[in-house]
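Remember, it's a predicted structure, so these values are computed and weren't measured experimentally. Each chain gets a letter, A, B and so on, in the order its sequence line appears, and its residues count up from 1.
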Protein chains: 2
Amino acid sequence: MHAVLIIDDDNELTQLLDQYLSSQGYHITVANDGEEGLRLATSQRHFDVILLDVMMPKLDGFEVLKQLRRTHLTPVLMLTARGDDYDRILGLELGADDYLPKPFNHRELSARIKAICRRLADIPQARRQQAITVGDLAVNPARQTVTIRGEEVSMTATEYALLHLLMVNHGAVLSKEEISMQVLGRPLQAFDRSIDMHLSNVRKKLDANGSEQVIKTLRGSGYMLVDPAS
Amino acid sequence: MHAVLIIDDDNELTQLLDQYLSSQGYHITVANDGEEGLRLATSQRHFDVILLDVMMPKLDGFEVLKQLRRTHLTPVLMLTARGDDYDRILGLELGADDYLPKPFNHRELSARIKAICRRLADIPQARRQQAITVGDLAVNPARQTVTIRGEEVSMTATEYALLHLLMVNHGAVLSKEEISMQVLGRPLQAFDRSIDMHLSNVRKKLDANGSEQVIKTLRGSGYMLVDPAS
DNA sequence: CGCACCTTTACGCAACCTTTACACTGGCCT
DNA sequence: AGGCCAGTGTAAAGGTTGCGTAAAGGTGCG
């Protein structure tokens, strides 16, 4: 029972796919444009595979893929109307897992999804996440820890998620609202100080292990992790 | 007198095969779907050869093979309806020993099984399975036991499977869901504490035999076997 | 029936997250 | 300049929940 996200602006096609893949035992979610798709793909919800159309209004498939790959390694199967190699190569370079030119038949699609899921089952969840290094810091997704100059610092799940998010977006400001959504999976409410607390705890742990103060506060707008190198 | 396990959802076929191969002097066990097959194949019972159909409900042949290969090197002969190379290559990559496209005639099947058994006779029993060592611990797949600094500790099948899984993935976090799927062959359900219990028992046994506490709990995420050397 | 094993139940603990409370900070207004 | 106050830092208390494990219950097997 795998969860599949379909991102395509062609309503007729998505309905057909929804119907067919549901009948094959997949749990389907549909997004009708790139923005919505990206939001869903990066939300707390889990998808095993994403079917991503290239040609879309607002955000095209490549753009979605590029942004998605900043934070997620969810397998992506690209769909494109044009059969030329250029699209294909670009897609694969950006980290797509497979490629299917339209029109395609349903069984072929089903086979490729299955193949992706099969490959997926080989890799433990924890290894499916991005490893990132910023300055002295490195996240270690396989073991949910952060290392400072090679030394391991233990973090709770939430602290890890918070620091990971900051590192992925290092150099950019993240509002508390965004952080709350990404880390806690819920909108920030009035008088909610949880994020502040987790952040304080992260800073304390980093400090205790000899890291510089890399998490900067931007009063009124949010937080940012600065890369001392850049 | 070799033991053969047939995993195929086609009842008619399995009956025919059972009859035919029994007449050839093999001892036959039949599983009608992938789940049952995997359970049997990884149980305490010994099989010399496994005939594995690719197309099956629940767990397809590739999946069965992949999961089987985590712990066992039992020879596998893949059966598939489609004659295309893709399946064949995938199967062999995953560690199948031979490949037979349907439809096949009985004599051909018999010949291949014989060939596998012949090859088998060359390899000492104990060599046929993967051995893993992590720190003080070593698994002994041939006897389904674990040794701590050479000293043997008896384990039940489930405990062995659990520890083996942790050792194969040492250094990475495994969620309870993954562990349940791999070790018990079923999805984790609400209030299911089986994994906790087996884990507790494994820890107890390791502890009683003087091993360090190598199984780490990551609250909310899962468990990890840490290699003290790394 | 007895045995070995797996699963479920039950309870206590500790880790974790959130809330509360209070001190502090920096910008803005007068 | 000084006062005000929303925004922030963090210690400590409170509440929740996942986890560890003993013990009971269930199941399959010889």
Side-chain angles (χ1 to χ4, degrees), chain A residues 44 144-145 153-163 165-166 173-208 213-225, chain B residues 29 35-36 39-40 42-46 144-146 153-163 165-166 173-208 213-225:
Chain A
Q44 288 296 75
Q144 298 242 9
T145 58
V153 182
S154 86
M155 296 262 166
T156 72
T158 309
E159 288 160 9
Y160 172 83
L162 172 56
L163 185 51
L165 180 68
L166 286 168
V173 184
L174 288 168
S175 69
K176 280 197 201 181
E177 285 78 12
E178 279 175 55
I179 295 174
S180 183
M181 281 308 294
Q182 297 281 339
V183 172
L184 306 175
R186 61 155 196 253
L188 186 73
Q189 7 216 19
F191 308 113
D192 190 341
R193 308 296 310 280
S194 289
I195 293 297
D196 303 64
M197 278 314 305
H198 292 301
L199 201 110
S200 171
N201 290 331
V202 169
R203 276 180 170 151
K204 212 187 300 174
K205 284 189 181 176
L206 294 185
D207 200 47
Q213 285 296 355
V214 285
I215 302 176
K216 217 170 156 177
T217 305
L218 289 120
R219 196 186 171 83
S221 25
Y223 298 92
M224 180 170 73
L225 196 148
Chain B
T29 307
E35 275 183 16
E36 192 194 343
R39 205 172 25 246
L40 279 164
T42 56
S43 69
Q44 292 294 52
R45 294 181 53 184
H46 169 79
Q144 299 261 84
T145 58
V146 176
V153 182
S154 85
M155 296 262 165
T156 71
T158 309
E159 286 160 10
Y160 172 82
L162 172 57
L163 185 51
L165 178 68
L166 286 168
V173 184
L174 290 168
S175 69
K176 279 197 201 182
E177 285 77 12
E178 286 170 313
I179 295 174
S180 183
M181 283 307 295
Q182 299 281 340
V183 171
L184 306 175
R186 61 154 195 254
L188 185 73
Q189 9 215 20
F191 308 113
D192 190 341
R193 309 297 309 281
S194 290
I195 293 296
D196 304 63
M197 279 314 305
H198 292 301
L199 201 111
S200 173
N201 290 332
V202 169
R203 276 181 171 151
K204 214 185 298 174
K205 285 188 181 176
L206 294 185
D207 201 46
Q213 284 297 355
V214 285
I215 302 177
K216 208 171 154 183
T217 304
L218 289 121
R219 195 188 168 86
S221 342
Y223 297 93
M224 177 171 74
L225 196 149

Selected nucleotide, minimal atom distance to B:Thr217 side chain, candidates D:dG20, C:dT20, C:dT18:
D:dG20
N or O in side chain of B:Thr156 less than 4.0 angstrom from C:dC6 OP1/OP2
yes
At less than 3.5 Å, do the side-chain atoms of A:Arg193 and the base atoms of D:dG9 form a donor-acceptor pair?
yes
Of all the choices, C:dT7, C:dT18, D:dC19, which nucleotide is nearest to the side chain of A:Leu184 once you look at every atom?
C:dT18
Within the pair B:Tyr160 and C:dC5, is there a side-chain N or O less than 4.0 Å away from OP1 or OP2?
no
Name the nucleic acid region contacted by A:Leu199, choosing base, sugar-phosphate or nothing; use a 4.0 angstrom heavy-atom cut-off, strictly under.
nothing
Just wondering, do B:Leu163 and B:Leu225 contact through their side chains at under 4.5 Å, heavy atoms?
yes
In short, B:Ile195 meets B:Leu184 closest at the heavy-atom pair CD1-CD1, 3.7 Å
Specify the residue among A:Met155 and B:Asn201 whose closest nucleotide of DNA chain C lies further upstream toward the 5′ end.
B:Asn201
Between B:Met197 (CE) and D:dG25 (C1'), how many Å, whole number?
13 Å
Separation of atom CG in A:Leu174 from atom P in D:dT8, rounded to whole Å
14 Å
When rounded to whole Å, the CG to P distance for the pair A:Asp207 and D:dA11 reads 11 Å
Within this structure, what is the CG-to-P distance between B:Leu188 and D:dG18, rounded to whole angstrom?
12 Å
Base, sugar-phosphate alone, or nothing: which one does A:Asp192 contact when heavy atoms must sit under 4.0 Å apart?
sugar-phosphate
Distance test, side-chain N/O of B:Lys204 to OP1/OP2 of D:dA22, below 4.0 Å
yes
For the side chain of B:Arg219 and the base of D:dT17, is some donor closer than 3.5 Å to an acceptor across the two?
yes
Check the phosphate of C:dT18 against A:His198, side-chain N and O only, distance under 4.0 Å to OP1 or OP2. Yes or no?
yes
Look at the side chain of A:Lys176 and decide which nucleotide, out of D:dT21, C:dC5, D:dT8, has an atom nearest to it.
D:dT8
Measure the shortest side-chain to side-chain distance between A:Leu166 and A:Leu199 over non-hydrogen atoms and say whether it is less than 4.5 angstrom.
yes
For a quick test of reading the model, state the closest non-hydrogen atom pair linking B:Ile215 to B:Arg203 and the distance between them.
O-NH2, 3.0 Å
Kindly determine whether B:Arg186 and B:Asp192 satisfy side chain to side chain contact (heavy atoms under 4.5 Å, CB included), including the steps that lead there.
CA-CA 11 Å; B:Arg186 61 154 195 254; B:Asp192 190 341; 3.0 Å; yes
Can you figure out which of D:dT21, C:dT18, D:dT10 approaches the side chain of A:Arg186 most closely?
C:dT18
Rounded to whole angstrom units, what separation is found between the CG atom of B:Asp196 and the C1' atom of D:dT17?
13 Å
Expressed as a whole number of angstroms, how long is the span from A:Ile215:CD1 to D:dT8:C1'?
14 Å
Atom-to-atom span, CG of A:Leu162 to P of C:dC16 - whole angstrom
15 Å
5'-most by nearest nucleotide on DNA chain C - A:Phe191 or A:Thr158
A:Thr158
Exercise: identify the closest heavy-atom pair between A:Met155 and A:Lys205:
CA-NZ, 3.9 Å
Once you round it to whole Å, what is the distance between P of D:dG9 and CD of A:Gln213?
11 Å
